[in-house]
J.: 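Please see the structure below; I have some questions.
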Amino acid sequence: MDELKALYRTTSDHFRCVNPDVNHYRDGAKLPPPARLDISQYPGHSNVYVLRYDSDGNELTDTWHDDVQSAMEQCAFEFGVEAWDWEEL
């Protein structure tokens, strides 16, 4: 399988809020807010993933989205990240 490629990145420095109504879990434990977000994609695919990382660069979780726009909209909803907060990689 092809390797997932990061397209866009932002960090918690750009988070304007953390939506208390959105939570992510792993093994039944609530995860802390991430330190970094990447929007990534497999080559040849139109859908993307938002990968959430801790401050040590470990992946916390990911979510699937139809396209980059919907991924950015989800991050705006969860963290208040605006389109100009993303670095294109």
Side-chain angles (χ1 to χ4, degrees):
M1 178 178 268
D2 291 326
E3 190 169 319
L4 197 60
K5 180 182 185 246
L7 305 175
Y8 297 92
R9 177 171 292 157
T10 193
T11 62
S12 59
D13 297 340
H14 298 287
F15 294 2
R16 288 169 183 78
C17 63
V18 175
N19 188 329
D21 296 327
V22 180
N23 298 296
H24 296 274
Y25 294 84
R26 184 184 325 147
D27 299 327
K30 183 178 172 182
L31 295 170
R36 185 182 98 210
L37 301 171
D38 284 3
I39 296 176
S40 300
Q41 183 177 54
Y42 286 107
H45 292 238
S46 60
N47 60 295
V48 299
Y49 297 85
V50 174
L51 287 88
R52 294 154 176 84
Y53 294 92
D54 67 17
S55 59
D56 294 324
N58 300 307
E59 184 181 340
L60 296 169
T61 190
D62 64 73
T63 53
W64 181 94
H65 303 272
D66 286 328
D67 52 35
V68 170
Q69 182 64 35
S70 62
M72 286 185 176
E73 289 170 359
Q74 181 63 32
C75 293
F77 175 73
E78 285 190 51
F79 305 108
V81 176
E82 301 291 345
W84 55 81
D85 295 323
W86 293 95
E87 172 190 2
E88 189 169 359
L89 303 173

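These values consider heavy atoms only, across backbone and side chains, with no hydrogens, waters or symmetry-generated copies.
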J.: Do Tyr49 and Phe77 land in one hydrophobic cluster if side-chain heavy atoms of ILVMFWY residues count as linked below 4.5 Å?
T.: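 No: no chain of side-chain contacts under 4.5 Å links Tyr49 to Phe77.
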J.: What about Val68 and Leu4, same hydrophobic cluster or not, with Ile/Leu/Val/Met/Phe/Trp/Tyr joined at side-chain heavy-atom distances under 4.5 Å?
T.: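 As far as the 4.5 Å side-chain criterion goes, Leu4 and Val68 are not connected within one cluster.
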J.: Can you sort out the partners of Gln69 under side chain to side chain contact (heavy atoms under 4.5 Å, CB included), two or more places apart, ordered by chain and number?
T.: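 Expected list: Asp67, Glu73.
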J.: Of all residues at least two apart in sequence or in a different chain, which pass the ring-ring contact (aromatic ring centres under 6.0 Å, His included) check with Phe15?
T.: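 Residues passing ring-ring contact (aromatic ring centres under 6.0 Å, His included) with Phe15: Phe79.
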J.: List for me each residue that meets side chain to side chain donor-acceptor pair (under 3.5 Å) alongside Asn58, sequence neighbours excluded, and say none if there are none.
T.: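 If we apply the side chain to side chain donor-acceptor pair (under 3.5 Å) test to Asn58, skipping adjacent residues, the hits are Asp54.
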J.: Going by atom type alone, with no hydrogens or angles, which donor-acceptor pairs under 3.5 Å involve a side-chain atom of residues 22-38 and a protein atom two or more places apart or on another chain?
T.:
from	atom 1	to	atom 2	distance (Å)
Asn23	OD1	Lys30	NZ	3.2
His24	NE2	Arg52	NE	3.4
His24	NE2	Glu78	OE1	3.1
Arg26	NE	Leu60	O	3.2
Arg26	NH2	Glu59	O	3.1
Arg26	NH2	Leu60	O	2.6
Arg36	NE	Asp38	OD1	3.2
Arg36	NH2	Asp38	OD2	3.1
Asp38	OD1	Arg9	NE	2.7
Asp38	OD2	Arg9	NH2	2.9

J.: Do Ile39 and Val50 come within less than 4.5 Å of each other through their side chains, counting heavy atoms only?
T.: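 They are in contact (side-chain heavy atoms under 4.5 Å apart), so the answer is yes.
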J.: Can you name the nearest heavy-atom pair linking Glu3 to Tyr42, along with the distance?
T.: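 The pair with the smallest heavy-atom distance is C-CD2, 3.9 Å.
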J.: Any side-chain heavy atom of Cys75 sitting closer than 4.5 Å to one from Thr10?
T.: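 Counting from C-beta outward, Cys75 and Thr10 never come under 4.5 Å.
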J.: Sequence neighbours left out, what passes ring-ring contact (aromatic ring centres under 6.0 Å, His included) with Tyr8? Give chain and number order.
T.: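 Applying ring-ring contact (aromatic ring centres under 6.0 Å, His included) to Tyr8 gives none.
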J.: Which residues pass the side chain to side chain contact (heavy atoms under 4.5 Å, CB included) test with Ala76, not counting sequence neighbours?
T.: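 Per chain and number, Ala76 pairs via side chain to side chain contact (heavy atoms under 4.5 Å, CB included) with no residue.
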J.: Do you reckon Val81 sits in the same ILVMFWY cluster as Val48, going by side-chain contacts under 4.5 Å, direct or chained?
T.: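 As far as the 4.5 Å side-chain criterion goes, Val48 and Val81 are connected within one cluster.
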